[in-house]
Amino acid sequence: MKIELGIGTSTQEVNIPDKNLMEVLTPNQVEYDLTGEEEVRRALNAPIGSPYLRDLVKPGEKIAVVTSDITRPMPTYVVMPALLDELYGAGVKPEDITLVFALGSHRCHTEEEMKKLAGERAYREIKCVDSDTSDCVHMGKTAHGTPVDIDRTVAEADKRICLGNIEYHYFAGYSGGAKAIMPGVSTRAAIQANHSMMVDQQACAGNITTNPLRKDIEEAAAVCGIDFILNVVLDEHKKVIRAVAGDVTKAHREGCAFLDQLYQKKIKERADIVIVSQGGAPKDLNLYQTQKALDNAKHAIKDGGTIILVGSCKEGLGEKTFEEWLTQAKKPQDLIERVQADFKLGGHKAAAIAMVLERAEIYLVSDMEPDFVKTLFMEPYSTIQEAFDTAMNKQGADASVIVMPYGGSTLPRAAQ
């Protein structure tokens, strides 16, 4: 069977014998009635585990609305009109509302970026600011010892409303919910304390119930307090197809359940070979972004198997700390030991690659220089077919194969 996969702005074909091909994993078809702003308004009128937002807020209260920064696909501009109408309907004045972009450890926005994210109406009517790690309020710490140091505007607000999009997160389980607070408006020290738990086997995509890192996130957010969330699920075209509103935990979990219907793929068993692509540009611009597909693919590969990772990576590795860690390590285990001893954002993704390498080898089909790829503990290839033929020779004529054309958006779940 011939299968076409995206790489950069083009595609490549790979021919896989029918007897070897177990499955091609693509997003599931789900039914939905409303999209975009209409769906957001429906969610606000059907809060989960919570009173209506208009009954929670009072005139004169300072309201902090926390939303994602420019590195996330959250369409804040779609959500804000309905949210503002709800707040204004309760008597809240525009001057008492602040939209806070949760930077985490990322850079500040330009004015134009803020305007684009917030949407023209919100940018015109209310105050829009970036979170500021240099001006935080210490509110306590979690059982794990993570400091709860929160941006002052958020910490001192009378009510906190958190926005976000829900997608799989490779060590927090899912994005959205309490992540707006931790790591969203937390200090770098707090983020590092929390994220250092990523090496725990339970800290993985799709796991929220026994995930120690996620539990720490939600404990930190509970110390700060979240009064209401409004989260969305996007389809592959970044369109809102489901919104959930209300209680920070109950509403979030319902959104996660919908995401599972859309993107979780049940498989009978793990495969000897997994071919995974981010789907092409812009998602595979660098290895830092392409890693997301690799981390989902690890849930479909047998121990000792071969993952063929497809991504142009025409801009190289894509993040300074990530590059430093990968290029300085003498062996993959060095990266795992380093992240446990001294967690660093950026370095954490290098460690995540090393954790995959503990179980499987990685063939990288990219535009990067072959000799450089070898220094990253991966085998370089220019075509998927060449990589596949080599993997078949290694794994044997009866090797089972799973293909993931949209690796960042599909999460395999093996029955065994």
Enter the distance from [X]:[atom1] to [Y]:[atom2] here, rounded to the nearest 0.5 Å.
X	Y	atom1	atom2	value
L44	Y52	CG	OH	11.0 Å
K268	S400	NZ	OG	10.0 Å
W325	R338	CH2	CZ	5.0 Å
L83	I63	CG	CD1	9.5 Å
D284	Q289	CG	CD	10.0 Å
H252	I48	NE2	CD1	11.5 Å

Is there side-chain contact between [X] and [Y], with heavy atoms separated by less than 4.5 Å?
X	Y	result
C162	I181	yes
L84	I126	yes
I150	V137	no
V244	I166	yes
D130	V100	no
I267	L25	yes
T67	L117	no
F228	L56	yes

Heavy-atom pair with the smallest gap, counting every atom of [X] and [Y]:
X	Y	result
A414	R270	CB-CG, 4.0 Å
M198	M355	O-CE, 3.9 Å
A180	V66	O-CG1, 3.6 Å
G246	P47	CA-CB, 4.4 Å
R160	V154	NH1-O, 2.9 Å
P183	I191	CB-CG1, 3.4 Å

Looking at [X] and [Y], does any basic side-chain N land under 4.0 Å from a carboxylate oxygen?
X	Y	value
K159	D227	no
R214	D216	no
D96	K93	no
E37	R41	yes
R152	D135	yes
E39	R42	yes
K331	E358	no
K266	D260	no

Please determine whether salt bridge (charged side-chain N to carboxylate O under 4.0 Å, His left out) holds for the pair K292 and E167, giving the CA-CA distance in whole Å, both sets of side-chain angles, and the decisive distance to 0.1 Å. CA-CA 12 Å; K292 183 176 182 183; E167 58 187 356; 3.6 Å; yes

[Y] backbone acceptor or donor facing [X] side chain under 3.5 Å:
X	Y	value
T290	G311	no
H169	F171	yes
S175	N165	yes
D151	D132	yes
E337	D334	no
S277	G6	yes
E120	K115	no

Using the ring-ring contact (aromatic ring centres under 6.0 Å, His included) criterion, which residues pair with F343? Sequence neighbours excluded.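 Partners of F343 under the ring-ring contact (aromatic ring centres under 6.0 Å, His included) test: H195, H348.
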
Derivation and outcome, ring pair (Phe, Tyr, Trp, His ring centres under 6.0 Å), residues Y168 and Y263: CA-CA 9 Å; Y168 291 117; Y263 291 132; 7.0 Å; no

Distance-only donor-acceptor check, side chains [X] and [Y], under 3.5 Å:
X	Y	answer
T133	T187	no
E86	Y88	no
T210	Q202	yes

Can you check side chain to side chain contact (heavy atoms under 4.5 Å, CB included) on R359 and I301, steps first, answer last? CA-CA 8 Å; R359 296 184 45 232; I301 194 72; 4.0 Å; yes

Could you list all the side chain to side chain donor-acceptor pair (under 3.5 Å) pairs where at least one residue sits in residues 366-376, not counting sequence neighbours?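 Checked against side chain to side chain donor-acceptor pair (under 3.5 Å) - neighbours excluded - the pairs reaching residues 366-376 are S312-D367.
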
Give a yes or no on whether [X] atom [atom1] has more than 12 heavy-atom contacts from other residues, nucleotides or ligands under 6.0 Å away.
X	atom1	value
E319	CD	yes
E95	CD	yes
K302	NZ	yes

Yes or no on salt bridge (charged side-chain N to carboxylate O under 4.0 Å, His left out) for R121 and D85, after CA distance, side-chain angles and deciding distance? CA-CA 11 Å; R121 178 184 167 189; D85 287 348; 2.7 Å; yes

Could you check D200 against L213 for side chain to side chain contact (heavy atoms under 4.5 Å, CB included), going step by step and ending with a plain yes or no? CA-CA 8 Å; D200 191 296; L213 189 146; over 6 Å; no

Could you give all pairs that pass the salt bridge (Lys or Arg N to Asp or Glu O under 4.0 Å) test and reach residues 2-12, with sequence neighbours left out? none

Among N296, N28, T26, T410, which residue satisfies the side chain to side chain donor-acceptor pair (under 3.5 Å) criterion with K265? N28

Pair I353-F322, side chain to side chain contact (heavy atoms under 4.5 Å, CB included): steps then yes or no: CA-CA 11 Å; I353 291 175; F322 178 63; 3.8 Å; yes

Please evaluate residues I229 and I161 with respect to the criterion side chain to side chain contact (heavy atoms under 4.5 Å, CB included), reporting the C-alpha separation (whole Å), side-chain torsions for both, the decisive distance (0.1 Å), and the verdict. CA-CA 5 Å; I229 68 164; I161 302 166; over 6 Å; no

With side-chain hydrogen bond (donor to acceptor under 3.5 Å, both in side chains) as the criterion, how do E361 and T306 come out once you've worked through the C-alpha distance, each side chain's angles and the decisive distance to 0.1 Å? CA-CA 5 Å; E361 59 183 353; T306 302; 2.8 Å; yes

Show your reasoning for whether salt bridge (charged side-chain N to carboxylate O under 4.0 Å, His left out) applies to D295 and K298. CA-CA 5 Å; D295 218 80; K298 77 181 183 187; 3.2 Å; yes

